[in-house]
Amino acid sequence: MTAALVLGGGPAGAAAALCLARAGLPVTLVEREAAPREKVCGEFLGANAARRLRTLGIDLSALGAVPIGGARLAVGARMAAIGLPFAAWGLPRAKLDEALLTAARDAGACILRGHAARRAERVVGGWRVHLSDSVVLTAPVLVLATGKHELRGQPRAWRGHHVGLKLPLRLSGPLAEVLLLPLRGGYAGLQPSADGRANLCLALRAADGRVGEPYNLLAKVAAGSDLAAALLADAVPLWKRPLAVGGLPYGFLHRDVGRADPALFRVGDQFAVIPSLAGEGMDMALASGIAAAAAISAAVPAPDFHADLARAWRRPMRWAGLAAGLLHRAPNGFVWAAGLLPGSARSMVARMRLQA
Ligand SMILES: Cc1cc2nc3c(=O)[nH]c(=O)nc-3n(C[C@H](O)[C@H](O)[C@H](O)COP(=O)(O)OP(=O)(O)OC[C@H]3O[C@@H](n4cnc5c(N)ncnc54)[C@H](O)[C@@H]3O)c2cc1C
């Protein structure tokens, strides 16, 4: 029998399954996608994420990740360059998630792909999970790693009003930095990615996110700043339509209420959703997956694990919320201040991260 059942094969679930398998525990991971798939994500990986990936046996360079040399903010004619306080990389999610799942499988985890968990229910001695194809699995411990949205039987009192969009591009000129481009209702991020492409990713209020076909999306981003207009003038979208995800629950932080279940571990976006401009969600996912495996191996109850995680995550969540709020309310002032005080901007970037 499996000792732990992990639902979701993103960075959080894959890291948990990999570490549980390395600890010698029989573990099963269920991922609804049968094959590698892109996800709405800026694909920014900071030094902490790279270090954690290394401990999991993932070599970013070998996967084709590209280094990111700095950050630039632009709105209208205003621009600010800030050096990043750490090294960073860009890598398509389909490659990263696949590498993590392969590493988990190689470590001995049983990976079930193409099966969606429909419902999870508490039973005596553990959890029973119903999958899409009438398969039922049981395990003493459940790791919930299904990302941003709730699973039936495990409600979350939080639904956001932002949409995320992603569109890979071929640019006519080189791009070596991550660009943060405030827009009405949110922001766009543009950064280099593998295979000579650039990744354009947006988080917008739902009302501003209905942009339809790729060239409308490019026009919207280009209208926000001179820098974006110049960079995107000859850009070629590589997909017919942007990938979209709705109801982003930015700022959600799980709290155990009442008699919290000792055998239900929430990791990654199931535990908390940091505003995406921080570029820290993947590191939090990896860190929580690794920590959950350690807690399960040491028989630490889930509420104690959640309390430790909340303590570590409050600071980056608060700083990312503050940055997102300022960028949204006063984009010009934000970029102006970042240009005037690049040291403070760098320090804000550092505060949005987990402690190493
Ligand atoms: C617009 C935007 C930009 C972002 N940019 C960045 C960035 O640049 N850098 C960064 O670090 N983070 C970024 N993030 C955040 C990052 O993408 C997430 O924090 C991270 O993916 C969370 O990992 P996870 O494993 O918790 O969830 P996910 O990566 O969402 O993985 C969840 C997995 O569960 C599977 N699943 C879902 N439901 C079921 C089910 N019922 N049964 C079985 N499987 C299921 C899904 O198919 C998926 O593979 C961004 C997010 C958004 C929205």
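Nothing fancy with the numbering, it's 1 onward along the sequence. Because the structure is a prediction, the values reported are computed rather than measured. First listed ligand is number 1; within each ligand, the first listed atom is number 1.
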Contact (N/O only, under 3.5 Å) between E31 and ligand 1: yes
Heavy-atom contact under 4.0 Å between H162 and ligand 1? no
Below 30° counts as parallel, above 60° as perpendicular, anything between as tilted: where do the rings of F265 and F305 land? tilted
Run down the list A244, A15, G13, G10 and name the one with the heavy atom closest to atom 33 (C) of ligand 1. G10
Top protein contact for atom 18 (C) of ligand 1, by heavy-atom distance: D269 OD2, 3.4 Å
Pairing of E213 and R241 as salt bridge, 4.0 angstrom limit: no
Any N or O on D97 sitting closer than 3.5 Å to an N or O of ligand 1? no
Using a 4.0 Å cut-off to any heavy atom of L248, which atoms of ligand 1 qualify? 53 (C)
protein heavy-atom neighbour closest to atom 14 (N) of ligand 1 works out as C41 SG, 3.9 Å
What I want to know is whether A285 and ligand 1 share at least one N or O pair that is separated by under 3.5 angstrom. no
So, is G42 polar-close to ligand 1, with some N/O to N/O distance under 3.5 Å? yes
Verify side-chain contact (heavy atoms from CB on, under 4.5 Å) between D195 and K95, making sure each step is shown before the conclusion. CA-CA 12 Å; D195 308 323; K95 286 194 184 190; 3.6 Å; yes
Measuring from atom 31 (O) of ligand 1, which candidate in R113, K39, K166 has the nearest non-hydrogen atom? K39
Looking only at heavy atoms of R37, does any of them come nearer than 4.0 Å to an atom of ligand 1? no
Of all heavy-atom pairs linking L277 and A324, the shortest is CD2-CA, 3.6 Å
Decide yes or no on side-chain hydrogen bond (donor to acceptor under 3.5 Å, both in side chains) for R51 and T55, but give the supporting numbers first. CA-CA 6 Å; R51 184 181 47 76; T55 67; over 6 Å; no
Of the protein's non-hydrogen atoms, which lies at the shortest distance from atom 43 (C) of ligand 1, and what is that distance? R32 N, 3.4 Å
Check this for me - ligand 1, G164, N or O atoms closer than 3.5 angstrom, yes or no? no
Among all protein non-hydrogen atoms, which one is nearest to atom 27 (O) of ligand 1, and what is the separation to 0.1 Å? G147 CA, 3.5 Å
Is the shortest side-chain N to carboxylate O distance from R122 to D261 below 4.0 Å? yes
Between H306 and D304, a side-chain donor and acceptor under 3.5 Å: no
From the candidates A16, P249, S276, A272, the one that places a heavy atom nearest atom 50 (C) of ligand 1: S276
So for V30, does at least one of its heavy atoms come nearer than 4.0 angstrom to any atom of ligand 1? yes
Test your reading of the structure: does M282 have an N or O sitting under 3.5 Å from an N or O of ligand 1? yes
Any N/O of R93 closer than 3.5 Å to an N/O of ligand 1? yes
Is it true that V245 lies under 4.0 Å from ligand 1, counting heavy atoms only? no
Write out the residue and atom name of the closest protein heavy atom to atom 25 (O) of ligand 1, then the distance separating them to 0.1 Å. A12 N, 3.0 Å
Polar atom proximity, F44 to ligand 1 (N or O, under 3.5 Å): yes
If we only count N/O pairs under 3.5 Å, is E43 in contact with ligand 1? yes
Among all the protein's non-hydrogen atoms, which is closest to atom 40 (C) of ligand 1, and how far away is it? A117 N, 3.6 Å
For atom 34 (O) of ligand 1, what's the nearest protein heavy atom and its distance? G8 CA, 3.2 Å
Do H130 and E121 have side-chain N/O donor and acceptor atoms under 3.5 Å apart? yes
With the 4.5 Å side-chain cut-off for hydrophobic clustering, are Y250 and L322 part of the same group? no
Could you find the nearest protein heavy atom to atom 32 (C) of ligand 1 and give me its residue, atom name and distance? A145 O, 3.4 Å
